[in-house]
Amino acid sequence: MHINWTPRDLDIFLVLAETGSFRRTAAQVHLSQSAVSGVVARLEDALGTRLFDRTTRSVHLTAAGQVFVEQARLLNAQTQEAVQRVQHITQIQSGKVSLAALPSLAATVVPRVMARYAEQHPDIALQLHDTLSGPAFDLVRAGTVDFALTAANPDYADLDYTPLSADGFVLLIPLNHRLAKGKTPLNWLQVAELTHISMPLPASVRQYANAAFIEHRIAFQPRYEVEHIATIHAMVKAGLGVAALPELAAAFVQQEGVVSRRLTGPDIQRPLGVVTRRHRSLSPAAQEMVRMLRQETTALLP
């Protein structure tokens, strides 16, 4: 059986089944009586059976027609539901957005954006994975999240990376340290001999710090390696050393007992962007989240 009818054909069939009149049906659906007859003939040809018994005065459903009325109503309801669900998605009225973000972003930019987003789109479920750069890329590759907000990484060339912004590096210094009183930027070479606290490889923070010292032909060898920025801050505050961190990461933990000074020479910039699966488009809900994240990061890091 070759099905060649349209939702419009089913609507016309249902009107005829209700009115029992080609004339009244034609007037109601704004077609000629011959056009209505053509629709019925097409349906009957596709189904291989008569749907109506016709006389000069009336039109009555056959047994097959009565069954088809029930199915046509069901098909119409399913079509309407499908259209409604698609509209809800495109109009950001339903769905889910799942994202991964670096801890420094998950504790600064992302919560503010999520709060605004939830207020504007309360029926969209939101899910956040706060994780390091490598696992964030892996979550995108596995399809666990729609996208990741993280630093660029050439090791993941199979994924798409769209830049959002970039943050420079600052040095966190204990309050009683001799460098804590200055205001001008520090050179990476100036702080090379200090006791450093950093994150272990392959964290992006460590990679960029390594690159800065390599420009001075110095191998970066921090005394302490810890995974969490809050721990780094606590160790700096306790006087165990200094820490080179991106601006957003430093802002996340900036409290009393620690000061920060800009690091230059070289002026290292950590690019931040959106990572997505190649050849996979984001849902309208996810696209709106990305737009809001771009707006927020641009405001913080012009």
Side-chain angles (χ1 to χ4, degrees), residues 101-115 128 130-133 136 149-151 164-272 296-302:
L102 293 177
S104 58
L105 300 173
T108 52
V109 174
V110 177
R112 289 197 289 270
V113 172
M114 287 180 68
L128 172 63
D130 56 336
T131 184
L132 299 180
S133 180
L149 188 61
T150 184
L164 283 183
S165 189
D167 56 349
F169 270 69
V170 298
L171 190 71
L172 292 187
I173 309 167
L175 191 59
N176 60 356
H177 195 278
R178 60 181 175 81
L179 295 177
K181 295 180 174 58
K183 300 295 183 184
T184 57
L186 294 169
N187 188 288
W188 286 87
L189 185 59
Q190 280 180 266
V191 303
E193 299 302 320
L194 299 179
T195 300
H196 279 263
I197 306 161
S198 188
M199 303 180 80
L201 289 169
S204 63
V205 168
R206 178 64 176 276
Q207 291 178 9
Y208 285 104
N210 282 0
F213 284 113
I214 285 173
E215 289 208 16
H216 293 288
R217 299 181 180 179
I218 297 172
F220 182 41
Q221 296 179 324
R223 173 78 61 83
Y224 304 104
E225 292 184 354
V226 294
E227 293 190 354
H228 299 288
I229 296 172
T231 306
I232 291 176
H233 175 270
M235 293 177 72
V236 172
K237 183 177 180 180
L240 290 170
V242 298
L245 292 176
E247 290 176 272
L248 282 179
F252 161 48
V253 293
Q254 199 62 270
Q255 300 173 12
E256 292 183 3
V258 172
V259 298
S260 65
R261 291 180 63 179
R262 183 68 184 239
L263 284 167
T264 59
D267 185 12
I268 294 291
Q269 295 286 316
R270 179 182 66 161
L272 300 172
E296 186 73 18
T297 54
T298 301
L300 285 176
L301 302 167

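What you see is a predicted model; the values in this text were computed from it and never measured. We're numbering straight along the sequence, starting at 1.
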What are the two closest non-hydrogen atoms of [X] and [Y], and how far apart are they?
X	Y	answer
Ser165	Thr297	OG-O, 3.9 Å
Pro266	Trp188	O-NE1, 3.0 Å
Ala101	Leu128	CB-CD1, 4.1 Å
Asn187	Leu189	OD1-N, 2.7 Å
Asp167	Leu248	OD2-N, 3.3 Å

What do the steps show when you test Leu240 against Ile197 for side chain to side chain contact (heavy atoms under 4.5 Å, CB included), and what is the final call?
CA-CA 8 Å; Leu240 290 170; Ile197 306 161; 4.3 Å; yes
Extract all donor-acceptor atom pairs below 3.5 Å that involve side chains of residues 169-186 and protein atoms in other chains or at least two apart in sequence.
residue	atom	partner	partner atom	Å
His177	ND1	Leu179	N	3.0
Thr184	OG1	Arg261	NH2	3.3

Considering residues at least two apart in sequence or located in another chain, which fulfil the side chain to side chain contact (heavy atoms under 4.5 Å, CB included) criterion with Thr131?
Ala100, Pro135, Ala136, Leu139
Applying side chain to side chain contact (heavy atoms under 4.5 Å, CB included), can you list everything that pairs with Gln269, at least two apart in sequence or on another chain?
Ala166, Arg262, Asp267
[X] side, atom [atom1]; [Y] side, atom [atom2] - distance, nearest 0.5 Å:
X	Y	atom1	atom2	result
Glu296	Leu105	CD	CG	11.0 Å
Tyr224	Ser198	OH	OG	14.0 Å
Leu272	Ser104	CG	OG	7.0 Å

Is there a side chain to side chain contact (heavy atoms under 4.5 Å, CB included) between Gln190 and Leu263 once you walk through the steps?
CA-CA 10 Å; Gln190 280 180 266; Leu263 284 167; over 6 Å; no
Could I get the full list of side chain to side chain donor-acceptor pair (under 3.5 Å) partners for Thr150, not counting sequence neighbours?
Ser133
Working note: Leu149 + Leu164, criterion side chain to side chain contact (heavy atoms under 4.5 Å, CB included); need CA distance, chi angles, decisive distance, verdict.
CA-CA 9 Å; Leu149 188 61; Leu164 283 183; 3.1 Å; yes
So do the side chains of Lys237 and Ile232 get within less than 4.5 Å of each other, counting heavy atoms only?
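A side-chain contact is absent here, since even the closest heavy-atom pair is not under 4.5 Å.
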Side-chain donor-acceptor pairs under 3.5 Å in residues 203-217, sequence neighbours left out?
residue	atom	partner	partner atom	Å
Arg206	NE	Asn210	OD1	3.2
Arg206	NH1	Met199	O	3.2
Arg206	NH1	Glu225	OE2	2.7
Arg206	NH2	Glu225	OE2	3.3
Gln207	NE2	Pro202	O	2.8
His216	NE2	Gly265	O	2.7

